[in-house]
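Comments concern the structure below.
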Amino acid sequence: MLEFFWNLGSFIVALGILVAVHEYGHFWVARKAGVKVLRFSIGFGKPLFRWYDKLGTEYVIAAIPLGGYVRMLDERVDGVPASEQHLSFNNKPVLSRIAIAAAGPLANFLFAILVLAVMYMVGVQNAKPIVGGVAENSIAAQAQVQPGDHIISVDEQLVQSWQEVTFALMSGLGESEIILKVQDSKGQLALRQLDTRQWRLDEQDVPPLTSVGVQPYRPDLKLEIAQVAKGSAAEEAGLANGDKLLRYNNEALHSWEQFVQLVQTSAQQRSHLVVQRAGEEVDLYPTPQGREDNNGILIGYLGVVPVLEPWPEGYIETRQYGVFDSIVLGIKKTYDLTALSFEMIGNLLTGQVSVKNLSGPVGIAVGAGNSVSYGFVAFLGFLALISVNLGVFNLLPLPVLDGGHLMYYFIELIRKKPVSEKTQELGYKVGAVVLLALTCFALLNDVSRL
């Protein structure tokens, strides 16, 4: 329950910030273009808080934190007196309307640059992309990728973290091959050629690295408890931090992976766990909770986190930059994320990426909660990623989105006359149906992950 409220609170904060940035872009440019703004709302539904500025604009924080809007004076909606017709949105030149519509997504991209710049100035800590294992008969195994390989570049794109490796691999979806430049465990440079002709991201919640068969290096997990989740089966059974695991159902334990497998196969079954605590053996009787996987199989879990062995020297690095370099990196990273987002939309349309990978508000909430748990820098990175995605999504040519409005305005610019009201109304209806279908599908994916 605590995790739910943590994720919910993080989601509201993150989405509130991003919606405010997006809508402020529209608001600021509309004011500069001489359009009267009637309402600036964060959220939908019943207003929780409201206030007015000296120009009469109403500011609202509403009950449903799933978006926002800027309501401008418009003769097509409002009764506009002759004295204010020059302040109406629909009476502004088409270039002004284009600027107002584009300002929301542009604000999201600028915000991402700012957030990423701050992140790089604070310092980004990450593990070097060193391979820990390779799955048998995988794409990586066929390319002779070896444990200990330090990935230096992906298709000549330099990478310094596993996130960068992942994004670079995703950019290569649809290509016949992806070339990894690595430094092997002996310090020799080598090229690994991944045959990606049949590679698809068509399974739900399978990361690109796992899909090609690469397992990042991680320190060994000790048979010792570092953390027990509140309300978990482990807590109910009396497991405590520092307990060393000895036997599970009379089977001696030799690795954390072995322990996990035994727990997973004993869902909702009373089990016998022997631990060492303060030098003495203690008998505990946990009943692992169960959840169904994608195949409907019940998987057991206790709710514990193991102690990690220390990272080898040199495997963790912190990158910190000055103001100018941080801004340059922020611009580059935002550009890369934007390009990748458009590529992923294309891959969804061509089937390279399954629609099962779409996430809705629940997925965003979990991501927000996790990023806050990992710290300030991780939360900044999450904000930047979602801000870019929000900007890209709003540029899709659906009439209910900014991209749809821009599409109409550019048609008007070319034809020298507005798109007919009837055509616009039909477009809004079609766009609303498509958007609702996407939202429902993303929500179904979210529910399936719970």
Side-chain angles (χ1 to χ4, degrees), residues 126-221 255-257 260-261 264 293-295 297 299 312 315 333 336-337 339-359 363 367 385 389 445 448-449:
N126 55 257
K128 292 181 179 179
I130 297 174
V131 178
V134 179
E136 292 184 5
N137 302 317
S138 64
I139 293 174
Q142 293 169 8
Q144 303 299 311
V145 176
Q146 303 293 325
D149 280 355
H150 178 191
I151 302 175
I152 297 171
S153 68
V154 179
D155 279 343
E156 299 185 350
Q157 180 179 338
L158 294 178
V159 291
Q160 295 179 283
S161 69
W162 281 113
Q163 184 189 65
E164 292 176 1
V165 172
T166 299
F167 288 165
L169 285 174
M170 291 170 68
S171 292
L173 266 173
E175 302 294 333
S176 60
E177 65 178 22
I178 296 176
I179 305 297
L180 305 182
K181 183 178 182 180
V182 305
Q183 184 178 46
D184 64 23
S185 57
K186 297 179 181 179
Q188 301 296 314
L189 295 178
L191 298 179
R192 313 294 194 204
Q193 184 175 315
L194 304 182
D195 183 351
T196 53
R197 286 173 294 181
Q198 304 300 319
W199 183 39
R200 303 285 188 277
L201 288 177
D202 52 8
E203 294 184 51
Q204 188 176 32
D205 296 334
V206 177
L209 286 172
T210 304
S211 182
V212 298
V214 172
Q215 302 163 10
Y217 173 82
R218 293 290 183 267
D220 290 335
L221 306 176
S255 69
W256 183 264
E257 290 75 15
V260 169
Q261 290 176 358
Q264 288 180 339
D293 64 9
N294 294 333
N295 298 316
I297 299 173
I299 302 296
Y315 274 51
K333 185 76 169 180
D336 291 341
L337 288 173
L340 180 61
S341 296
F342 279 114
E343 287 174 8
M344 288 303 100
I345 292 170
N347 287 328
L348 280 168
L349 295 175
T350 59
Q352 295 286 340
V353 177
S354 170
V355 290
K356 294 178 182 179
N357 291 288
L358 287 174
S359 287
L385 176 61
N389 286 338
N445 285 344
S448 71
R449 295 185 179 103

If you take all heavy atoms of [X] and [Y], which pair is closest and at what distance?
X      : Y      : result
Trp199 : Ser211 : NE1-OG, 2.7 Å
Ala141 : Val134 : N-CG1, 3.5 Å
Pro129 : Ser161 : CD-N, 3.9 Å
Gly132 : Pro147 : O-CB, 3.7 Å
Ile139 : Asp195 : CG2-O, 3.6 Å

(request) Measure the spacing between NZ of Lys128 and CD of Gln183 and express it to the nearest 0.5 Å. (result) 9.0 Å

(message) Nearest 0.5 Å, please: how far is CG in Asp220 from CH2 in Trp256?
(response) 13.5 Å

(message) Taking side-chain contact (heavy atoms from CB on, under 4.5 Å) as the criterion, tell me which of Leu209, Ile130, Val131 meets it with Pro216.
(response) Leu209

(request) Give me the one residue out of Ile152, Thr166, Ile151 that meets side-chain contact (heavy atoms from CB on, under 4.5 Å) with Val159. (result) Ile151

(message) So does Asp184 get a backbone contact from the side chain of Gln188, meaning a donor-acceptor N/O pair under 3.5 Å?
(response) no

(request) Count the heavy atoms belonging to other residues, nucleotides or ligands that lie under 6.0 Å from CD of Glu257, then report whether that count exceeds 12. (result) yes

Please report, to 0.1 Å, the donor-acceptor pairs under 3.5 Å made by any side chain of residues 168-180, with sequence neighbours excluded.
unit_1 : atom_1 : unit_2 : atom_2 : d
Ser171 : OG     : Phe167 : O      : 3.2
Ser171 : OG     : Glu343 : OE1    : 3.4
Glu177 : OE1    : Gln193 : NE2    : 2.8

(request) Give every residue pair that meets the side chain to side chain donor-acceptor pair (under 3.5 Å) criterion with at least one member in residues 135-154, sequence neighbours excluded. (result) Asp149-Arg192

(request) Kindly indicate whether the side chain of Pro312, heavy atoms from C-beta on, has any atom under 4.5 Å from the side chain of Tyr217. (result) yes

